Amino acid sequence: MYGGGNTFEGIKTDSLSQEDPQKLAEFEARIARGEKIEPGDWMPDMYRKQLIRMIEQHGHSEIIGALPEGTWITRAPGFKRKLSLMAKVQDEVGHAQLLYSAAETLGKSREQMLDDLITGKSKYSNIFNYPAFTWADSCFISWLVDAGAIVNQLANAKGSYGPYCRALERICAEESFHLKYGHHCVIYLASGTDKQRQMFQEALNRWWAPMMHFFGPSDKISAHTEVLMKWKVKMSTNDDQRNQFLDMYVPKIWELGFTIPDPKLKKNTETNKWEYTEPDWEEFKRVINGDGPCNKERLEVRRIAEERGRWVREALKSPSMRYVTPLA
Ligand code: FAQ
């Protein structure tokens, strides 16, 4: 449905008919029993491809996600904030390492994944294609983007693929520190001068639409949710995660006296669901397919990093490295 980029033509429900029916039934029974699938286990080709797609995109989102906040390290207000932000950015890059390792267990090399990122074949989260103009934008990311990531990752950590779930558990533990750090930064602005409050309000106005997009297209138009839910790769739908995020964070934002830029936003107490203006899915499609405000810049930074690091990778592979012993 969402063309361009990393669409897997091979991932179609009818491709399952090529699988051995008995093996497929056993695999699905294991998933139904809540067992974890491990790298050496039999799995349908579609499960493998879907996992590679999703974990790889998640890994890319972590390293690209380090960029908008990374630019604020030198400008963060005060030494403590600089230290905390530097540690957070370092953590995000570490998360990418964990995720790439999990995706590698499914047979795609890290080099290929990074190539596909740089050439624009693979996707990464829409939200990191927007600029962090002010310190308050960086605070929005640390509090609310991390909050959204935690909603998603806590659910998926209970999923079916062992290496991905274990990576997510570890990532969530670190993300919970990021969330506290981000919340602290926002409280500081909220209880500061009128100018500081205004800075955060403006950040909220800029980031709300990308934040609503962050959980993926609505369930009515999502391409992969059905099969991913069936195989317990995704443990809740895009709309359910969006709703859970709104449930947890809208009251906190309102409590601080900020206005969410959506006049239709309200909780329907009968359905227990949030009502909101339908996100602009055309903008979402444009941004995830390469045409957002910062896509080119983000990929260019990664391309330069790859180029500058090439000599290190080549040196590590060279035969003379066999004689380099680890530090005693
Ligand atoms: N951005 O059929 P669905 C973080 C694509 S980590 C870009 O619904 P699915 C940490 C999707 O790939 C943030 N593309 O897809 C941090 C597909 O295109 P394709 C990342 C998106 O997979 C914090 C098409 O749309 N988290 O923030 C997005 O069932 C602060 C159709 O969509 C993860 O990756 C999007 N938002 O559901 C770092 C979590 N949504 O591939 C630094 C794992 C959808 O067919 C600072 N991933 N698309 O061409 C997931 O849970 C799922 O992949 C979803 C999307 C929920 C993101």
Side-chain angles (χ1 to χ4, degrees), residues 1-9 11-12 49-70 72 85 88-96 99 102-103 116 120-130 132 137-157 159 161 164 167-168 171-172 174-175 178-179 181-182 207 210-231 233-242 245 279 281 283-290 292 295:
M1 186 165 302
Y2 281 88
N6 190 8
T7 40
F8 282 84
E9 260 118 49
I11 304 187
K12 290 198 185 115
K49 283 181 175 158
Q50 281 282 10
L51 272 170
I52 293 175
R53 178 189 68 82
M54 204 172 115
I55 304 174
E56 175 185 358
Q57 287 181 6
H58 192 169
H60 295 333
S61 304
E62 300 278 356
I63 45 170
I64 297 283
L67 301 178
E69 282 184 305
W72 277 96
L85 184 57
K88 177 187 188 303
V89 167
Q90 210 168 3
D91 283 353
E92 307 295 4
V93 177
H95 297 168
L99 291 161
D116 287 351
K121 195 170 170 217
S122 294
K123 293 191 167 66
Y124 57 87
S125 184
N126 69 298
I127 203 151
F128 302 121
N129 288 309
Y130 292 84
D137 291 316
S138 150
C139 300
F140 181 100
I141 300 175
S142 301
W143 184 30
L144 293 167
V145 178
D146 275 89
I150 292 175
V151 165
N152 170 285
Q153 290 160 182
L154 276 180
N156 292 347
Y161 189 58
Y164 187 38
L168 288 180
I171 291 171
C172 283
E174 291 184 356
E175 298 280 29
H178 302 170
L179 181 77
Y181 155 79
W207 289 79
M211 191 71 232
M212 292 295 278
H213 287 151
F214 178 84
F215 300 93
S218 77
D219 295 350
K220 289 188 288 263
I221 55 172
S222 160
H224 306 293
T225 297
E226 194 181 332
V227 72
L228 292 177
M229 293 281 289
K230 174 172 138 185
W231 283 335
V233 174
K234 270 168 96 161
M235 299 301 281
S236 54
T237 71
N238 301 356
D239 284 340
D240 284 346
Q241 292 194 3
R242 207 169 355 255
F245 169 81
W281 297 118
E283 177 186 337
F284 170 78
K285 263 199 270 183
R286 262 197 321 275
V287 172
I288 68 172
N289 284 311
N295 298 55

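Since the model is a prediction, treat every value here as computed from it, not as a measurement. Order of listing sets the numbers, starting from 1, for every ligand and every atom in it.
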Can you measure from OG1 (Thr237) to CD (Glu226) and round to the nearest 0.5 angstrom?
12.0 Å
Find the distance between OG1 (Thr225) and CG (Asp219) and round it off to the nearest 0.5 Å.
5.5 Å
Atoms of ligand 1 close to Phe215 [distance to a heavy atom under 4.0 angstrom, numbered from 1]
56 (C)
With heavy atoms only and a cut-off of under 4.0 Å, state how Ala223 meets ligand 1: side chain, backbone, both or neither.
both
Option with minimal heavy-atom separation from atom 36 (N) of ligand 1, where the choices are Asp91, Val227, Asn126:
Asn126
Does Lys88 have a non-hydrogen atom less than 4.0 Å from ligand 1?
yes
Polar contacts were defined as any N/O atom of the residue lying under 3.5 Å from an N/O atom of the ligand; does this apply to Gln153 and ligand 1?
no
Rounded to the nearest 0.5 angstrom, the CD1-CG distance for Ile64 and Asn129 is 8.0 Å
Return yes or no for this condition: an N or O of Pro217 is under 3.5 Å from an N or O of ligand 1.
no
Looking only at heavy atoms, which two atoms of Tyr161 and Ala102 are closest? And how far apart?
CE2-O, 4.2 Å
Between His178 and Glu175, is any side-chain donor less than 3.5 angstrom from a side-chain acceptor?
yes
Any nitrogen or oxygen of Arg53 lying under 3.5 Å from a nitrogen or oxygen in ligand 1? Just yes or no.
yes
So His213 and Val287, do their side chains get closer than 4.5 Å, heavy atoms only?
no
Rounding to 0.5 Å, atoms CG (Asn156) and CD1 (Ile171) come to a distance of 11.0 Å
Sub-4.0 Å heavy-atom approach of His95 to ligand 1
no
Any non-hydrogen atom of Tyr164 lying under 4.0 Å from ligand 1?
yes
Indicate yes or no: at least one non-hydrogen side-chain atom of Met54 is less than 4.5 angstrom from one of Lys234.
yes
Donor-acceptor pair, side chain of Asp116 and main chain of Lys121, under 3.5 angstrom:
no
Using a 4.0 Å cut-off to any heavy atom of Glu175, which atoms of ligand 1 qualify?
10 (C)
What are the atoms of ligand 1, with element, lying closer than 4.0 Å to any heavy atom of Tyr124?
1 (N), 7 (C)
Counting only heavy atoms closer than 4.0 Å, does ligand 1 sit against the backbone of Lys123, its side chain, both, or neither?
side chain
Could you list the atoms of ligand 1 found under 4.0 angstrom from a heavy atom of Gly65?
42 (C), 46 (C)
Looking at Phe284, Trp281, Phe214, the heavy atom closest to atom 57 (C) of ligand 1 belongs to Phe214
Looking at CG of Leu168 and CG of Leu154, how far apart are the two atoms once the value is rounded to the nearest 0.5 Å?
9.0 Å
Specify side chain, backbone, both or neither for Phe128, according to which of its non-hydrogen atoms lie closer than 4.0 Å to ligand 1.
side chain
Do the non-hydrogen side-chain atoms of Trp207 and Leu144 ever get within less than 4.5 Å of each other?
no
Are any of the side-chain heavy atoms of Val233 and His224 separated by less than 4.5 Å?
no
Donor-acceptor under 3.5 Å (Asn126 side chain, Pro210 main chain):
yes
Which ligand 1 atoms does Glu69 reach within 4.0 Å, using its non-hydrogen atoms?
46 (C)
Sub-3.5 Å N/O-N/O distance, Ser222 and ligand 1
yes
If you measure from each non-hydrogen atom of Asn152 to ligand 1, which part falls under 4.0 Å: side chain, backbone, both or neither?
side chain
Under a 4.0 Å heavy-atom limit, does Lys234 contact ligand 1 with its side chain, its backbone, both, or neither?
side chain
Per-atom contacts of ligand 1 with Ile288, taking only distances under 4.0 Å to non-hydrogen atoms:
1 (N), 5 (C), 7 (C), 14 (N), 25 (O)
Short N/O distance, under 3.5 Å, between Asn238 and ligand 1?
yes
In terms of atom number and element, which parts of ligand 1 are under 4.0 angstrom from non-hydrogen atoms of Leu228?
29 (O)
Got an N/O contact under 3.5 Å between His224 and ligand 1?
yes
Under 4.0 Å from one or more heavy atoms of Asn156, ligand 1 contributes atoms 51 (O)
Strictly distance-based, threshold 3.5 Å: is any side-chain N or O of Trp231 a donor or acceptor partner for the main-chain N or O of Gln50?
no
Atom pair CZ/CZ of Phe214 and Phe284 - distance to nearest 0.5 Å
11.0 Å
Contact check: Gln241 vs ligand 1, nitrogen or oxygen atoms, below 3.5 angstrom
no
